[in-house]
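What you see below is based on every heavy atom in this structure, not just the backbone, and it leaves out hydrogens, waters and symmetry mates.
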Amino acid sequence: MTFAIHGLTVSRGVAIGRAVLVASSRVDVAHYFIDADQVEAEIARVRAGRDAVVEEIHRLQQNIAHMGPKEAPPELTALLDVHLMLLQDAELIGGVKHWITDRLYNGEWALTTQLEIIVRHFDEMEDAYLRERKADMEQICERILRAMKGAASPMVAHTSRAVRKASQQDLLLDDTVDVPLVLIAHDLSPADMLQFKQSVFAGFITDVGGKTSHTAIVARSMDIPAVVGARTSSQLVRQDDWVIIDGDAGVVIVDPSPIILAEYGFKQRQGELERGRLQRLLHTPAVTMDGEKVQLLANIELPEDAPAALKAGALGVGLFRSEFLFMGRQGRLPDEEEQYRAYRRAVESMQGLPVTIRTVDVGADKPLDDSVRDDAHLNPALGLRAIRWSLADPAMFLTQLRAILRAAAHGQVHLLVPMLAHAREIRQTLAHIDQARAMLDSKGVVHGPVKIGAMIEIPAAALSLSMFLKHFDFLSIGTNDLIQYTLAIDRADESVADLYDPLHPAVLRLVADTIAECRAQGKPVSVCGEMAGDVSLTRLLLGLGLRSFSMHPAQILAVKQEILRADTSKLAPWAQRVRTAEDPVLAMASA
């Protein structure tokens, strides 16, 4: 039966494919694809985990045999017998082999996927006793996962494509076409998203998240349709269901009829044609109708993203989110040499164009490691994150600064500092940069000059511009956090997503004033938040005086098209009316 799930649109376009569910587990489960020649070894890994649990239960049974009825009641013996029986369950064993062999899932992913399918079967049973056995199956799978955890194989660097062949009846397509896969999860961390970045998925759906959560940001950087905040999608959608993601409307359609499939297939092709038309603008300079030159820069997460930025026509990297080099490493942070090589690759890939490297920005919705939760603080977004975290760990901070300064010897590097608010933070940060230079000089290590900038993403910073402009070469407006902190809205929380408003009068005032003050003092300013890549806001930002936009490479050509059609001399008075309006949305619509 066809049904729809509504969420938040975060990355536009249409994706059609089979559902791949990332099951949640109390044990941290890795999800990755293996190579075909690893299938037997992966099955053996799961078998070894199961055998370890069987052996553990046998030892328990032997101990129980020497205990009295008070120490070991009959119910415990019966429970162990049930667990042994479930460990030999043909559906569990056969299902795990299927997911490893046919889909090339790693063992842990295969186990949790098959567990979810079996659990659904238990839920559908009429007998109350049999339904309760669901908990037993979950427990034995948890025990297998724990047994496997110590001998987990390393992450495969290049994921293999796990596909199924579609029949002509299934998707109204030729049966030689590979079926795309759509990933569905309760939530995905930024590290998870990067793990899947070069993989097979045509789209993403998550139960939670907001438009500017970092899951959404990375999904946009992958240029694939995505819907977040879809609440119960991971519970309603089943493994292998046909799913349509309408990224434009923020809707997920499950088990679509042939008519709906045909309609969305047409819409998907239209989107591809539009992207083809935008490609014609690739080598066209971004100049408005009245001759204003505009700089279009790219946001990247990893050095490997730099070539795509160059290919998209970016005139440089306006934001290299260095924190993605630090994530998912179980506390083993990258050393100076590893960071230097990563930054150098990005710099050299940009072939002389500037690269702006932001110092590590972790905390809140960007934890270093999924297994480490910040439950000690009521609101991590207001706690030890970004520059606060760096200043609290001088050794780590100096290591990163030295690596960035060394990379600057290979091209234009700008150093960007996030979440500054206080004069003492500015003084401490600049002192650390000077210290890092001195440390390199003392060892005779080559390094290069860098321009130093600050992010304006806290209202206190936006209201203290004269102090910032006195110390920094340039400013970059991080609109995602600026909106979050101005409106007191958790940008990763779908329950308040409707209140997250880039057109709120207070937000527009802070953005407009920052741009105006920088222009007045002759200091470069850019917007590197999601507002920069939103084509519905391009004309407004141009009218407010912005001439440097930094966004995901996939959005550059669409924004360039808006710039080419704009006349800033006419937009300026209109933008000021929007800025001062009580309801900017209505003011924009009336233009």
Side-chain angles (χ1 to χ4, degrees), residues 189-191 213-214 301 319-340 342-343 356-407 414-440 447 450 452-462 464 467-468 471-472 475-476 478 480-482 484-485 488 490-492 528:
S189 72
S213 63
H214 281 270
E301 283 81 38
L319 177 63
F320 180 168
R321 296 184 174 98
S322 67
E323 56 269 16
F324 286 92
L325 297 174
F326 290 68
M327 291 179 177
R329 301 169 62 102
Q330 286 71 51
R332 298 186 301 275
L333 301 184
D335 61 18
E336 180 181 330
E337 193 63 29
E338 181 182 347
Q339 289 188 62
Y340 161 67
Y343 304 142
T356 301
I357 302 173
R358 182 175 67 186
T359 59
V360 64
D361 181 6
V362 295
D365 64 338
K366 292 182 291 181
L368 276 180
D369 193 331
D370 283 350
S371 63
V372 180
R373 303 294 179 187
D374 190 357
D375 296 326
H377 301 93
L378 294 177
N379 193 337
L382 301 179
L384 195 67
R385 59 166 295 199
I387 190 59
R388 301 170 183 177
W389 189 76
S390 295
L391 292 175
D393 190 346
M396 181 282 301
F397 193 30
L398 288 168
T399 297
Q400 180 174 40
L401 292 174
R402 290 194 303 269
I404 294 172
L405 291 170
R406 289 173 60 190
H414 301 166
L415 193 158
L416 182 61
V417 185
M419 207 175 170
L420 288 165
H422 300 273
R424 66 175 179 275
E425 290 176 330
I426 294 174
R427 289 194 298 270
Q428 287 175 319
T429 298
L430 296 176
H432 277 80
I433 296 172
D434 289 340
Q435 184 181 352
R437 281 199 189 99
M439 294 171 76
L440 292 173
H447 58 91
V450 296
I452 303 173
M455 290 197 73
I456 302 299
E457 50 190 344
I458 298 176
S464 307
M467 176 178 69
F468 277 77
H471 292 286
F472 293 101
L475 298 182
S476 185
N480 303 343
D481 272 330
L482 185 61
Q484 169 173 254
Y485 293 130
D490 185 344
R491 62 192 179 100
C528 65

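Annotation for Val360 and Pro418: closest pair O-CG, 4.2 Å, computed over non-hydrogen atoms. Between Cys528 and Met455, the shortest heavy-atom contact is SG-CE, 3.5 Å. Taking each heavy atom of Ile357 and Ile404 in turn, the nearest pair found is CG2-CD1, 3.8 Å. Residues Ser322 and Arg358 approach most closely at OG-O, 2.6 Å, considering heavy atoms. Of all heavy-atom pairs between Asp335 and Thr399, the closest is C-CG2, 4.0 Å. Between Arg388 and Leu382, the shortest heavy-atom distance links the atoms NH1-O, 3.4 Å.
Once rounded to the nearest 0.5 Å, the distance linking OG of Ser464 with CD1 of Ile458 reads 10.0 Å. Atom CG of Leu420 is separated from atom OG1 of Thr359 by 8.0 Å, given to the nearest 0.5 angstrom. Rounding to the nearest 0.5 Å gives a distance of 5.0 Å between CZ of Phe320 and CG of Leu325. Here Met439 contributes atom CE and His447 contributes atom NE2; the two are 12.0 Å apart, rounded to the nearest 0.5 Å. Between the OH atom in Tyr343 and the CZ atom in Arg406 there is a gap of 12.0 Å [rounded to 0.5 Å]. Interatomic distance, CD1 of Ile433 versus CZ of Phe397, reported as 6.0 Å (0.5 Å rounding).
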- [ ] Take Leu401 and Leu415, measure what side chain to side chain contact (heavy atoms under 4.5 Å, CB included) needs, and give me the verdict at the end.
- [x] CA-CA 9 Å; Leu401 292 174; Leu415 193 158; 3.7 Å; yes
Open item on the list: Applying side chain to side chain contact (heavy atoms under 4.5 Å, CB included) to Gln484 and Asp490, what does each step give before you reach the verdict?
Closed with: CA-CA 6 Å; Gln484 169 173 254; Asp490 185 344; 3.8 Å; yes
Task: Residues Met419, Tyr485; criterion side chain to side chain contact (heavy atoms under 4.5 Å, CB included); working and verdict - done: CA-CA 11 Å; Met419 207 175 170; Tyr485 293 130; 3.5 Å; yes
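Pro459 places a side-chain heavy atom less than 4.5 Å from the side chain of Leu482.
Glu336 and Tyr340 share no donor-acceptor pair across their side chains, judged by distance under 3.5 Å alone. In this model, no donor atom of one side chain and acceptor atom of the other lie less than 3.5 Å apart for Ser390 and Gln400.
Sequence neighbours left out, the pairs with a member in residues 422-436 that pass side-chain hydrogen bond (donor to acceptor under 3.5 Å, both in side chains) are Asp434-Arg437.
The side-chain contact (heavy atoms from CB on, under 4.5 Å) test with Leu416 is passed by exactly one of Thr356, Asp361, Ile452: Thr356.
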